[in-house]
*Asks:* 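One structure coming up, written as structure tokens, with questions to follow.
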Amino acid sequence: MREYQQKKMKPYLLPEAVYRQALWAVKDLPRLKAALDDAVYSEDSLPSVNFDKERVKEEQGKYMDVTGDSAVRAAMLSMRIDSIEGAFSAIPEKYRKGIKLKLTRGIAFSDTFHINTWKKWQQIYIFYVAKNLGLY
């Protein structure tokens with residue numbers, strides 16, 4: 001089924017590009033979680049760096065801070081995941097699992113509620129994802 005916005009929901013209508021960015025950010029959630037797990041796991045292992053210096057000199061006078069870079073990457077991934085998952089607080093709890101399964105795994109909505117109800121709450125969720133990520 002195509003992912004589109006319902007035009008009648010004016011307060012939650014996003015520009016098409018922003019809607020698509022927020023939608024794909026949600027669809028990318030499993031990869032983000034795996035990347036965060038890898039970043040946290042790699043902090044426990046020792047990098048292949050000369051520990052005589054805290055920073056490693058690269059060409060043209062630039063310095064590379066291995067520990068700082070990995071910490072920044074983990075923090076940014078964590079903030080992005082929190083922004084995406086934090087948007088679930090804007091919708092009722094009974095729709096959260098179905099919307100998450102639909103957007104992250106492609107599993108169809110259940111027959112518990114009408115499809116238009118699912119789409120309405122999905123659009124509201126994506127609107128708040130865009131707000132939390134600073135896209136809109």
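Numbering starts at 1 and runs along the sequence shown.
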*Asks:* Is the backbone of Ala74 close enough, under 3.5 Å, to the side chain of Ser78 for a donor and an acceptor to pair up by distance?
*Replies:*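 Side chain of Ser78 to backbone of Ala74, a donor-acceptor pair under 3.5 Å: no, none is there.
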*Asks:* Sub-3.5 Å donor-acceptor pair from the side chain of Gln21 to the main-chain atoms of Ala130, do we have one?
*Replies:*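 The answer is no, because no donor-acceptor pair under 3.5 Å joins these two groups.
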*Asks:* So Tyr95 and Phe88, side-chain contact (heavy atoms from CB on, under 4.5 Å) or not? Walk me through it.
*Replies:* CA-CA 9 Å; Tyr95 302 111; Phe88 277 117; over 6 Å; no
*Asks:* Go through the structure and list residues passing side-chain contact (heavy atoms from CB on, under 4.5 Å) with Ile81, not counting sequence neighbours.
*Replies:*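 Per chain and number, Ile81 pairs via side-chain contact (heavy atoms from CB on, under 4.5 Å) with Leu29, Leu32, Lys33, Leu36, Glu85.
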*Asks:* Check whether any side-chain N or O of Gln5 sits under 3.5 Å from a backbone N or O of Leu14 as a donor-acceptor pair, and report yes or no.
*Replies:*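 Yes.
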*Asks:* Can you measure from NZ (Lys119) to CD (Gln6) and round to the nearest 0.5 angstrom?
*Replies:*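 It is 7.0 Å, given to the nearest 0.5 Å.
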*Asks:* Going by side chain to side chain donor-acceptor pair (under 3.5 Å), name the pairs with one or both residues in residues 105-115, residues two or more places apart or in two chains.
*Replies:*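 Pairs touching residues 105-115 that pass the test: Ser110-Thr112.
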*Asks:* Quick one: does Tyr136's side chain get under 4.5 Å of Tyr19's, heavy atoms only?
*Replies:*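 Result no, sub-4.5 Å side-chain heavy-atom pair not found.
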*Asks:* Rounded to the nearest 0.5 Å, how far does CD1 of Ile91 lie from CD1 of Ile126?
*Replies:*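 With rounding to 0.5 Å, CD1 (Ile126) is 10.0 Å from CD1 (Ile91).
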*Asks:* Under 4.5 Å between any side-chain heavy atoms of Leu101 and Phe109, yes or no?
*Replies:*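 Counting from C-beta outward, Leu101 and Phe109 never come under 4.5 Å.
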*Asks:* How are the rings of Phe113 and Trp118 set relative to one another: parallel (under 30°), tilted (30 to 60°) or perpendicular (over 60°)?
*Replies:*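 Rings of Phe113 and Trp118: perpendicular, over 60°.
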*Asks:* Can you check whether Tyr128 reaches Tyr12 side chain to side chain, under 4.5 Å on heavy atoms?
*Replies:*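 In contact.
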*Asks:* How would you list, by chain and number, every residue that makes a side-chain hydrogen bond (donor to acceptor under 3.5 Å, both in side chains) with Glu93, sequence neighbours excluded?
*Replies:*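 Glu93 satisfies side-chain hydrogen bond (donor to acceptor under 3.5 Å, both in side chains) with no residue once adjacent residues are dropped.
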*Asks:* Do the side chains of Ile84 and Tyr125 get nearer than 4.5 Å, heavy atoms only?
*Replies:*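 Counting from C-beta outward, Tyr125 and Ile84 do come under 4.5 Å.
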